[in-house]
K.L.:
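Pasting a structure below so you can have a look.
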Amino acid sequence: MSAAISHLKNLDYSVVQQCMHCGMCLPTCPTYDATKLERNSPRGRIALMRAIADDRLEPTETFADEMYFCLGCLACMTACPAGVNYAELFEHARAEAERVGVLKNPKRNFIRWFTVGWLFMDLRRLHLLGLIMRLYQQLGLQTLLRRSGILHLMPKRLRELEAMTPQVQPKFSAELIAPVTPAHGENKYRVAMLTGCAQDLIFSDVNLDTVEVLARNGCEVITPPEQQCCGSLHAHNGEWELAQQLARKSIDQFPPEEFDAIITNAAGCGSHLKHYAHLLHDDPRYAKRAELWDTKVKDIHEWLAKIGIEAPRPRDAAPLSVTYHEACHLCHGQKITAQPRQVLRAIGNVKLTELPESTWCCGSAGIYNITQPEMAGDLLVRKVKHIQSTGAKVVAMGNPGCMLQVQNGCRAAGLDVRIAHPITLLAEAYRAERGAGS
């Protein structure tokens, strides 16, 4: 789509007019719940989008600010009785804001060029940054900086951002995972493993756990060492053309016709990866392959539930108190809610306690906790209070952004809990089983 063409005016109008204005979405929207302002609700935002599509309103700075104030958590889609495709509207609305450039300023332009336009367009660049961060942390420079008191001389927002700096893993996914991992026992399926961007740098251990679990459940796993960003970050931030470029690269690297499934273990990525057909619907070379791609992409919990989870053999182990936070793009974006619980319940010693408001956003929402720190912080405090109420020692969740956000929130609250991916807990149970048998 050309940058000169309006994303909202040229969107299928049936999508734009689908909202009945019934208000069922209002109680589920975190921003409306906080402000009680109509424009901060899904219904209000859709009214603004429709006004632009109808040529009754120009996309102004106020419109753009409102689209970026939205978390994109998609809870409204779960609540909507009319099946409004808010995810599609939301992405096109942000793309419209970027098209007209009403938010442009030198600082924002540089940050977007460096991150969305340069860093995440080639993961070799991201790995280089990860290596620098790893060295900075391993040499003790980060600890020295934090203990020196210099941070207190910095602006408050910079101190907050520094405190959010994630710990880079000692090894990236390609150093931990072979390009081909054979199935344990009978080879029932051939699957591809997507290692992600931030996931690769910060949770490469979760990627390894995922590959081991897949192999244990009869899958031959193909994990190419040099992968690309899936384009989720770009699509969610209005960079439609860049998202399309990355989608084509993913399809070329993982030909969907060659695999039984293409596996992701990150909810935000998975929600985007399942919509390449929409992203590339007008591309004559990729449209059909994108349709096949969408059918092959599976969240790891979804895939295991489909093929049947091989439960670890019972063993004597202390009960493990676990609660489960539902990543927005897993429960609302992909409608995957029962499967992660099925994975957790397959682990014999797990005692699962339901988390109050488990489907309420934690405030991470991609980069929302960076761009909208006040609202994200309020949501995080609310989430941590609910976690504390369960008394659980482990909080399981299936998205790297949520894991970092909740980890930081629990640490700030002095709450001694472990944050873990459900697949990590299953992988650990498999390893304990092997250790007991040796």
Side-chain angles (χ1 to χ4, degrees), residues 72 87 91 94-95 98 111-133 166 168-169 172-177 179 192-204 206-207 210 222-256 262-280 283 286 289-290 293-294 296-300 327 329-330 333-334 364-371 398-404:
E91 289 187 352
R94 284 192 172 180
E98 296 307 321
I111 292 173
R112 285 182 68 88
W113 167 81
F114 178 74
T115 54
V116 180
W118 185 78
L119 188 64
F120 283 90
M121 288 301 292
D122 187 336
L123 291 194
R124 290 173 297 185
R125 299 164 187 163
L126 189 64
H127 280 163
L128 177 60
L129 178 62
L131 288 170
I132 294 170
M133 288 177 61
V168 177
Q169 286 287 313
F172 300 143
S173 299
E175 301 170 86
L176 296 171
I177 304 168
M193 173 67 194
L194 301 171
T195 53
C197 303
Q199 182 84 352
D200 188 16
L201 268 62
I202 308 163
F203 297 109
S204 57
V206 177
N207 285 338
T210 305
I222 311 303
T223 314
E226 293 184 3
Q227 300 191 22
Q228 300 293 324
C229 176
C230 70
S232 171
L233 176 69
H234 305 77
H236 293 166
N237 286 279
E239 297 293 346
W240 199 253
E241 289 79 12
L242 295 181
Q244 289 174 322
Q245 290 177 31
L246 291 167
R248 294 184 189 103
K249 289 182 178 180
S250 294
I251 292 172
D252 286 340
Q253 185 169 39
F254 298 95
I262 299 167
I263 303 296
T264 175
N265 56 15
C269 297
S271 185
H272 172 72
L273 284 159
K274 291 180 176 182
H275 293 91
Y276 275 7
H278 168 65
L279 194 65
L280 301 174
D283 186 321
Y286 284 88
R289 297 184 73 203
W293 168 279
D294 285 4
K296 294 293 181 75
V297 173
K298 304 293 180 187
D299 174 77
I300 178 61
H329 280 83
L330 198 57
Q334 301 181 62
S364 171
I367 58 171
Y368 191 90
N369 55 355
I370 296 174
T371 60
N399 189 57
C402 298
M403 292 175 74
L404 285 175

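Residue indices begin at 1 and follow the sequence shown.
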K.L.:
Report the C-alpha distance between Leu242 and Phe120 in whole Å, list the side-chain angles of each, state the deciding distance to 0.1 Å, and finish with yes or no for side-chain contact (heavy atoms from CB on, under 4.5 Å).
P.N.:
CA-CA 10 Å; Leu242 295 181; Phe120 283 90; over 6 Å; no
K.L.:
What are the two closest non-hydrogen atoms of Pro166 and Leu404, and how far apart are they?
P.N.:
CB-CD2, 3.7 Å
K.L.:
Using modelled atom types and a 3.5 Å cut-off, is there a donor and acceptor pairing between side-chain atoms of His275 and backbone atoms of Ser271?
P.N.:
yes
K.L.:
Could you tell me if the side chain of Gln227 sits less than 4.5 Å from the side chain of Phe254, heavy atoms only?
P.N.:
yes
K.L.:
With no hydrogens and no angle check, is any side-chain donor or acceptor of Gln169 less than 3.5 Å from a backbone partner on Leu201?
P.N.:
no
K.L.:
Can you tell which of Thr195, Asn207, Thr210 makes a side chain to side chain donor-acceptor pair (under 3.5 Å) with Ser173?
P.N.:
Asn207
K.L.:
Taking the side chain as every heavy atom from C-beta outward, state whether Leu126 and Cys197 have any atom pair closer than 4.5 Å.
P.N.:
yes
K.L.:
Backbone N or O of Pro255 within a donor-acceptor pair of the Arg289 side chain at under 3.5 Å?
P.N.:
no
K.L.:
Heavy atoms, side chains only, cut-off 4.5 Å: are Gln245 and Met121 in contact?
P.N.:
yes
K.L.:
So does Leu246 get a backbone contact from the side chain of Ser250, meaning a donor-acceptor N/O pair under 3.5 Å?
P.N.:
yes
K.L.:
Is the closest side-chain heavy-atom distance between Glu239 and Arg112 below 4.5 Å?
P.N.:
yes
K.L.:
Please step through side-chain hydrogen bond (donor to acceptor under 3.5 Å, both in side chains) for the pair Gln199 and Asn265, ending with a clear verdict.
P.N.:
CA-CA 9 Å; Gln199 182 84 352; Asn265 56 15; 3.1 Å; yes
K.L.:
Tell me the closest heavy-atom pair linking Gly196 and Leu123, and the distance in Å.
P.N.:
O-CD1, 3.8 Å
K.L.:
Looking only at heavy atoms, which two atoms of Gln228 and Gln253 are closest? And how far apart?
P.N.:
N-OE1, 3.9 Å
K.L.:
Could you tell me whether a side-chain N or O of Arg125 sits under 3.5 Å from a main-chain N or O of Trp118, the two making a donor and an acceptor?
P.N.:
yes
K.L.:
Looking at side-chain heavy atoms only, is the closest gap between His127 and Arg124 below 4.5 Å?
P.N.:
no
K.L.:
To the closest 0.5 Å, what do you measure between CG (Leu280) and OH (Tyr286)?
P.N.:
8.5 Å
K.L.:
In this structure, is the centre-to-centre distance between the rings of Trp240 and His278 below 6.0 Å?
P.N.:
yes
K.L.:
Could you tell me whether the side chain of Ile367 reaches within less than 4.5 Å of the side chain of Asn237, counting heavy atoms only?
P.N.:
yes
K.L.:
If you compare all heavy atoms of Ala267 against all heavy atoms of Asn399, which two are closest, and at what distance to 0.1 Å?
P.N.:
N-OD1, 3.2 Å
K.L.:
Is the backbone N or O of Val116 less than 3.5 Å from a side-chain atom of His234, with the two atoms forming a donor-acceptor pair by type?
P.N.:
yes
K.L.:
How long is the straight-line distance from NZ of Lys296 back to NZ of Lys298, given to the nearest 0.5 Å?
P.N.:
9.5 Å
K.L.:
Any sub-3.5 Å donor-acceptor pair from Asp200's side-chain atoms to Phe172's backbone N or O?
P.N.:
no
K.L.:
Rounded to the nearest 0.5 Å, what separation is found between the CG atom of Leu119 and the CZ atom of Phe114?
P.N.:
5.0 Å
K.L.:
Is the shortest side-chain heavy-atom distance between Leu273 and Ser232 below 4.5 Å?
P.N.:
no
K.L.:
Minimum heavy-atom separation for Thr264 to Cys269, with atom names?
P.N.:
OG1-CB, 4.1 Å
K.L.:
How far apart are the closest heavy atoms of Ile262 and Pro256, and which atoms are they?
P.N.:
CD1-CA, 4.2 Å
